[in-house]
Structure formats: structure tokens, C-alpha cells
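Before any comments, here is the structure.
No hydrogens, no waters, no symmetry mates; every other heavy atom, side chains included, goes into these values.
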Amino acid sequence: MPIINAVRVLSDKNFKSDCTKKPAVIALAGNPNTGKSTIFNALTGMRQHTGNWPGKTVLRTQGQYIYNGQKYVLVDLPGTYSLLPHSAEEEVARDFLCFSYPDVTVVVVDATCLERNLNLVLQIGEVTRQLILCLNLMDEARRKNLIIDSDLLSRRLGIPVVETAARNGEGLNQLRQTICDVVNHRITPVPTPITYPPDLEQAIAILEPQVRQIMGERLNPRWVALRLIAGDQSFIRSFFSSLPDAGEGVKL
Amino acid sequence: MHACMTLDRLLPGCFALVEEVQAQGITRRRLLDLGLVPGTIIQAIHRSPLGDPTAYQIRGAIIALRQEDTLQIRIIPFEGT
Ligand SMILES: Nc1nc2c(ncn2[C@@H]2O[C@H](COP(=O)(O)OP(=O)(O)OP(=O)(O)O)[C@@H](O)[C@H]2O)c(=O)[nH]1
Ligand SMILES: [Mg+2]
């Protein structure tokens, strides 16, 4: 597999110019305490604070790495249970994921605790298509005799799934390669859409085209419509200040 | 099983089944996002010295909730816990 990939990349016409291209921005998101900073450190060689309790990372931190001659900027985010923020840290994560338009978002989940973690994966899949699921703590999952069908999970979610045990470096090359493949459009994730009850779908159908007119496809217009319908004040504030003309003349 | 009660009355160490989240709007969505979906098993772990908030084990994570929220969650406590 790695050899085939290397061949593919080397035969890529743009390969030489890759090093000078603008670096791709990769966001690391996920629930608290799932190993985001451990992955960040392993990929960038930096030393972000890690430890076995939730809520260690409170600001976003960025670092760089080079893979296959291409430069990546990796952004470590605070842990969050939801894209509806309840604390300043969660707002930092939400704002970056929604309004900074990373080229790829890697959602790092605790493989021993999938049920809890997948909720956020579905939410982020409503915001962006450029999504990779990283099943971390696979060593713990094996120790607990949990068997995860990654291929099925990948098909159901419509996004690539990579298994890692970041603390001992397992799976990190596969992660780098998958990020590279999504950045260079060799893999196209298509997150499985979530359908809402008919009355809500009707309201979305009215709002979505108007949202699209104002801001195009950068942020999934369907997701913006849903936040507006929910009357999510924190989202609406960040949304308006993220618009190029800071909401001037825009009335929704 | 006991009759229904609200989550704030569950004593540390005891288990219960979430029956209904009565909160509305953003609070409701937030509680659902934390894993408090009807049918979830939850355990009270620890009450802070002032009695609020209380830490609960919910679907593999320990999460602190305030009484203003737990008052709005109906549970069925497990017998003998
Ligand atoms: N066994 C095992 N432990 C891991 C793995 N990855 C990370 N850890 C440990 O899990 C704990 C949490 O890791 P962090 O990288 O700090 O997690 P985080 O997601 O950045 O946490 P917050 O910033 O608090 O949200 C640390 O004790 C890590 O050493 C893994 O693959 N296997
Ligand atoms: Mg961290």
C-alpha cells in the first residue's frame, strides 16, 4: 500500500511544485481526552500538554509537518462534545471548525467509547465534507476485546476511517497518507446526510437557498439554515462576524 | 423499580435510567449531545462540597451537571442501588 501510494504521488504531475504550494490546513477535533494533542505532537514534533483528564487544551495551537514533499499546518483544538458550545473552549473549537474553513478536519474519537463520540462526527459531517474519522486508542479497544468494523463504519458514515494508537505511533503513517489523499482529492469523502422531520425539512428548504446566495458553499448552507432555525445565538454572532463585510447590509 | 423522579435526587453511587429530558431549546439539545438520551443508564458519581454541580458517569465519560439542568431530567432509579 505505501509503495503504491509513493508511486502514485511521484507520478503526479504537480509533485515538484507541491513544496511551494500554500500549506493545507488540517484541524484536529474531537471529544475531550481522545488523544488529539498526542497525535498533534507525534505529527509535528511539538510538545503540547497531554494527560489523562479532559479539558487540557484550551486554546488552538498550530504546528507544521511535511509529508511527501507537501507542507501541512496542523491545528490542535480543545475537546468538545458538541458544535453547540457550552464553554469558551468549546466555542474556540466550533469557531475554527465552522468559520476558518480548514482543508481537512480529522475527528479523533475514543475507540472504546464510540457511541458517545460518534454524535460529534455526525455534527461535523453537517458542516464540512472534508472529513476523516480517526479511531484512536485502538490498543485500549483491543485490550477490552472490542472489535470494530472500520470498513462498515466508513461506508455508513461516507468518510475514510483510520485506526490509530497514537501513544505508540501505530497507524500514524496511514493517517498522514489519508490526509494527503483527501487534500489532493484522491479520496472524496461524502458524509452521509441526516434527514430531519418534514416540517423542519420544509423550513430548511426555504432558508437554504438564501443562505447559499449570501455565502456560497464555503460553509454548508443546510447547516447554517439549521442553526438559524434553532435560534443559536452564539452561532449567529460568530456567523455574522465571519462574513467578509461583517454582516453589513445582510439581513436574514 | 421506583417511581419516576428527577436526576438531582439521585444519590452518589446510584444508577438510573433516563426516562425523559424535559428541558427545552438549546439546553435540551445540549443535554442530548452530552448523551442524556431516553434509555441511557447513568450513575451519580460525586457531589461537589456545596451540593452543586454533581458529576455523573454518562456513556463512558464523567460529566458535571448543574442542578438547574438535572431538575429537568426525569429518571427511573434502579432498585437496591
Ligand atoms: N492507551 C492509549 N492512550 C493514549 C492514546 N492516545 C493518547 N493517549 C493518552 O490519552 C490521554 C489523553 O491524551 P491527549 O492527547 O492529552 O488528549 P486530548 O484529546 O488532547 O485531550 P483534551 O485536550 O483535554 O481534549 C493521555 O494520557 C495520552 O497519553 C492511545 O492511542 N492509546
Ligand atoms: Mg489536547
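The CG atom of B:Leu34 sits 7.5 Å away from atom OG of A:Ser82, with the distance rounded to the nearest 0.5 Å. To the nearest 0.5 Å, the span separating OG1 on B:Thr27 from NE2 on A:His86 amounts to 7.5 Å.
Using a 4.5 Å cut-off on side-chain heavy atoms (C-beta onward), A:Gln123 and B:Asp33 make contact. The closest side-chain heavy-atom distance from B:Val37 to A:Glu115 is not below 4.5 Å. Annotation: side chain of A:Leu84 is not in contact with side chain of B:Arg30 (no heavy-atom distance under 4.5 Å).
Within a 6.0 Å sphere centred on CZ of A:Arg129, heavy atoms belonging to other residues, nucleotides or ligands number 12 at most. Around CZ of A:Arg156, the count of heavy atoms belonging to other residues, nucleotides or ligands within 6.0 Å does not exceed 12. Atom CZ of A:Arg60 has 12 or fewer neighbouring heavy atoms from other residues, nucleotides or ligands inside a 6.0 Å radius.
Looking at A:Gln233, there are no atoms closer than 4.5 Å to chain B (heavy atoms on both sides), in backbone or side chain. Interface remark: B:Ile58 contributes backbone and side-chain atoms alike to the contact with chain A (heavy atom separation under 4.5 Å).
Taking every heavy atom of both residues into account, B:Arg59 and A:Arg116 meet most closely at O-NE, 3.1 Å.
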